[in-house]
2 protein chains.
Amino acid sequence: MDNRTRILQEALRLFSNRGYEAVGVQEICEAAEITKPTLYHYFGNKIGLLEAILHHWGVDFDQRVSVAAEYHGDLPLTLNRLVKAFFELAALHPEFYRLQLALWFAPPESEAGKTILPSLKRQHDSIEALFRKAADDHGNMRGRDRIYAISFLGLVNSYAAIFLNNLTQLDDELCFRILHHFMHGIYS
Amino acid sequence: MDNRTRILQEALRLFSNRGYEAVGVQEICEAAEITKPTLYHYFGNKIGLLEAILHHWGVDFDQRVSVAAEYHGDLPLTLNRLVKAFFELAALHPEFYRLQLALWFAPPESEAGKTILPSLKRQHDSIEALFRKAADDHGNMRGRDRIYAISFLGLVNSYAAIFLNNLTQLDDELCFRILHHFMHGIYS
DNA sequence: CTTTTATTGTACCGATGAGTATAATAAAAC
DNA sequence: GTTTTATTATACTCATCGGTACAATAAAAG
């Protein structure tokens with residue numbers, strides 16, 4: 001493994017476990033067994049390192065979400081695929097997902113929070129677009145794409161958070177239950 | 001206003017805007033126009049200050065949520081009251097709510113995240129208890145109190161976050177839409 | 001008034017923060 | 001082999017970090 005990758009991985013581990021601000025560059029260097037100028041050579045500065053992390057793991061994230069959100073006429077199937085995509089990502093990249101959750105409602109003026117905003121917006125937009133297209137087939141849903149996208153993400157990420165705290169399994173049954181609730185409400 | 005209260009308010013403002021770790025004690029002292037030993041006199045250390053903040057504003061929060069979550073046989077009414085309680089809290093204490101959201105999915109080993117956990121758990125437990133009681137009147141809901149509490153909080157906090165970013169108003173119509181979706185799903 | 005307690009400050013500590021100039025070493029190109 | 005480029009390090013900067021010893025000041029109690 002090359003140094004650059006090892007720095008990314010160690011930094012991700014530390015940031016996801018303790019937060020971007022609480023972990024200093026020196027600690028990351030010690031974990032990655034390199035010195036500070038090496039880190040600065042590759043990433044320019046601390047925020048550059050975070051940007052590199054968000055890009056490195058974000059590519060797979062964005063791709064899986066946007067592919068899963070493609071609507072071809074079957075909304076339950078698409079939503080099922082989408083929930084599954086998020087769950088897979090939580091299982092494949094737990095640390096990255098955890099970092100993303102930590103920054104989801106980050107303070108408005110925080111460096112890390114501002115840096116991740118474009119990524120979060122992309123995710124939201126993919127899902128909102130899905131509901132917008134689905135509204136063509138479901139008249140009742142018209143004009144609600146935004147509210148449903150917000151709700152969907154709120155739901156999925158709440159469960160992802162609980163999974164990442166080892167308090168649940170993200171299995172097919174849970175997927176079914178979440179979607180059932182989302183689509184049909186609490187009385188059915 | 002006494003110094004202690006001014007420290008609490010300035011710290012809350014800074015923490016909610018930039019995050020607990022990113023704001024140093026010196027900066028809080030300058031904002032509150034006192035010196036560090038004064039702050040340490042009142043709060044012992046930095047985490048003591050955060051604990052005092054969580055307690056100071058958390059009392060009202062806990063009380064409003066637990067009162068609103070009392071179930072007397074009418075679930076839609078109770079849920080409506082509960083959503084309204086959260087929205088009121090967002091409007092009355094935006095900075096405190098923002099801080100709470102920032103720490104909701106905080107990194108597991110972060111000082112601030114660990115400190116707020118008891119508060120978050122209390123909120124969750126009030127809501128889970130509500131759904132447990134409501135399940136006596138709605139057989140279909142039995143065994144789902146946890147999943148509904150998680151979903152409910154995921155929803156409400158997602159909207160609170162958007163409100164706090166000035167992207168929406170938390171009015172009666174939005175309250176209705178959120179609850180309608182929560183209770184009846186997306187097709188109705 | 002004096003004494004005690006509460007409140008507030010001056011000056012300081014050692015460690016760590018993000019970052020940098022320059023040199024050394026390793027690898028690639030010719 | 002030499003030269004160029006890429007990679008990595010030593011040693012350092014100034015600022016800030018959370019916190020503290022002790023003193024000074026203000027307020028309360030007697």
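Every chain is numbered from 1, with letters handed out A, B, ... down the list of sequences.
Using cut-offs of 30° and 60° on the angle between ring planes, the pair B:Phe61 and B:Phe86 is perpendicular.
The minimum heavy-atom distance linking B:Ile147 with A:Arg177 is given by the pair CD1-CB, 3.6 Å.
Considering CD1 of B:Ile116 and OH of B:Tyr20, their distance stands at 12.5 Å, rounded to 0.5 Å. Between A:Leu155 atom CG and B:Ser158 atom OG the span is 8.0 Å, to the nearest 0.5 Å. In this structure, B:Arg132 CZ and B:Arg146 CZ are separated by 11.0 Å, a value rounded to the nearest 0.5 Å.
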Please tabulate, one pair per line, each protein N/O and nucleotide N/O from nucleotides 25-28 of chain C that are separated by under 3.5 Å, including the distance.
none

Subject >> Worked verdict on B:Asp60 versus B:Arg64 for salt bridge (Lys or Arg N to Asp or Glu O under 4.0 Å) >> reply: CA-CA 6 Å; B:Asp60 190 31; B:Arg64 282 172 192 259; 3.1 Å; yes
Original post:
salt bridge (Lys or Arg N to Asp or Glu O under 4.0 Å) between A:Lys84 and A:Asp172: does it pass, once the steps are laid out?
Top reply: CA-CA 8 Å; A:Lys84 285 243 170 59; A:Asp172 284 349; 3.5 Å; yes
Subject >> Summary of protein contacts for nucleotides 5-21 of chain D, nucleotide by nucleotide, where a base hit scores B, a sugar-phosphate-only hit scores S (4.0 Å, heavy atoms) >> reply: --BBBB------SBBBB
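Note: CD (B:Glu30) to P (C:dT10) measures 13 Å, nearest angstrom. Regarding A:Leu50, its CG atom lies at a distance of 17 Å from the C1' atom of C:dG19, rounded to whole Å.
A ring-ring contact (aromatic ring centres under 6.0 Å, His included) with A:Phe182 is found for exactly one of A:Phe152, A:Tyr159, A:Phe176, namely A:Phe152.
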